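Hydrogens, waters and symmetry mates play no part in the numbers below; they use all other heavy atoms, side chains included. Note that the coordinates shown come from a computational prediction; the quantities given were computed from them, not determined experimentally. Counting convention: from 1, in listed order, for ligands and their atoms alike.
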Amino acid sequence: MRKPVIAGNWKMYKLLSDAVETSLELKRLVANANHCEVVIAPVFTALKTIADRVEGSNIKVAAQDCSIQNDFGAHTGEVAPVMIKDVGCSHVIVGHSERRQFYGETDESVNWKTMAGLAAGLTPIVCVGEKLEEREAGNAESVVKTQLEGGLKGLTVSDLERIIIAYEPVWAIGTGKTATPEQAQEMHGFIRGVVAETHGAEAAEGLRILYGGSVKPDNIVELMAQEDVDGALVGGASLDAASFAKIVNYKQ
Ligand code: PGA
């Protein structure tokens, strides 16, 4: 069975002291959560400290982005996946819509980052999702399909076992406007179908697909009740330990 993943994307929030405080509080609040994997994604400068502080607990740490390659070299400002792994992280978010919208991320760079992340032994959380105008024009599925095919290009079936997909409709991110559980299920089922075509039914069946976009304590239960929703990528509601813990503990 697919073990659910609840991941918190802290974006560019929290100075180190705040990040440490939140992660220590979270560690206490989710100590008994064995029904899912818990991941938090602080900014780069906090990764090592947070990874050290949560070591041995059930919280894993993700970077929010990475370089397209692991070879050391003259790449000012870049951080290689091997460096992220080196400081104790296990996951990396790739292709978040904010990076696609504002920082030039393309399906091709998402593909490179995913491969580099895998090569470093990280679990890439590959984000896809359509914009409002794309949904309104009836193109949501074709946009997501293109992102998936581009992002996962060249990946083997065993690579697929080591990645996580996050479906995040752009119109639902930070807007308070969540996709309905039906809308989420519809797209998650579609994504699983696309992966079945590209990588076979077994790979698709094992793939974990997270929903992201205004997930909160009061909508997590109905989202998780959907057959193809295997977890959540949470932004705003993950910044507060108590609120994120409620989402993690949706089952209790
Ligand atoms: P949100 O962000 O939960 O604040 O909508 C989700 C995300 O961007 O991953």
Query raised in the report: Any salt bridge between Glu149 and Lys145, counting N to O under 4.0 Å?
Result: yes
Query - Results of salt bridge (Lys or Arg N to Asp or Glu O under 4.0 Å) for Glu205 - residues two or more places apart only - result: Arg2
Query raised in the report: Is there a path from Val54 to Phe244 through hydrophobic residues (I, L, V, M, F, W, Y) whose side chains come within less than 4.5 Å of each other?
Result: yes
Query raised in the report: Is the count of non-hydrogen atoms from other residues, nucleotides or ligands lying under 6.0 Å from Arg192 atom CZ greater than 12?
Result: yes
Report task. Kindly give the cluster partners of Tyr103, where membership spreads through any ILVMFWY side chain lying under 4.5 Å from a current member. Result -> Phe102
Query raised in the report: With hydrogens left out, which residues have an atom under 4.0 Å from ligand 1, given that only heavy atoms count?
Result: Asn9, Lys11, His96, Glu168, Ala172, Ile173, Gly174, Gly213, Ser214, Leu233, Val234, Gly235, Gly236
Query raised in the report: ring pair (Phe, Tyr, Trp, His ring centres under 6.0 Å): which pairs involve residues 161-196, sequence neighbours left out?
Result: Tyr167-His188
